[in-house]
Amino acid sequence: MMIVSIRKSYPAMREKSCTRFGAGQAMFTKVVVVVDHDVNVQNFREVAWKTLCAIDPQRDVEFVMGPADTLDHARAFKITLKDGN
């Protein structure tokens with residue numbers, strides 16, 4: 001899990017912030033939680049409270065099929081060396 005704090009300055013900044021974490025070792029992260037700049041990301045209790053009290057699942061939860069790795073056993077489909085799918 002990666003917890004990211006952002007200072008939102010324009011609409012859809014949350015979505016754009018999430019897509020930037022697909023590079024390097026961060027691409028193996030299963031869950032990215034984006035919170036406002038005033039939330040202390042080092043305090044998991046505060047993150048959980050702020051996130052779960054203000055969440056609208058229909059609006060705030062987004063599933064992304066991002067970069068894949070052959071070692072990821074939780075993928076919906078398997079990657080084979082033969083065809084890459």
Discussion item. Hydrophobic cluster membership, with links at side-chain heavy-atom distances under 4.5 Å among I/L/V/M/F/W/Y: are F44 and V39 in one?
Written reply: yes
Worksheet entry | D36 side chain to D38 backbone, donor-acceptor under 3.5 Å | no
Discussion item. Would V35 and V47 count as a side-chain contact (heavy atoms from CB on, under 4.5 Å) here? Give the steps.
Written reply: CA-CA 7 Å; V35 295; V47 170; 4.2 Å; yes
Worksheet item: Nearest 0.5 Å, what's the CD1-NZ distance between I55 and K50?
Response: 15.0 Å
Item to complete: Look up atom OG1 in T51 and atom CD1 in I3, then write down how far apart they are to the nearest 0.5 Å.
Response: 7.5 Å
Worksheet item: Short question: side chain of S5, backbone of V41 - any donor-acceptor pair under 3.5 Å?
Response: no
Worksheet entry | Minimum side-chain heavy-atom gap M1-V33 below 4.5 Å | yes
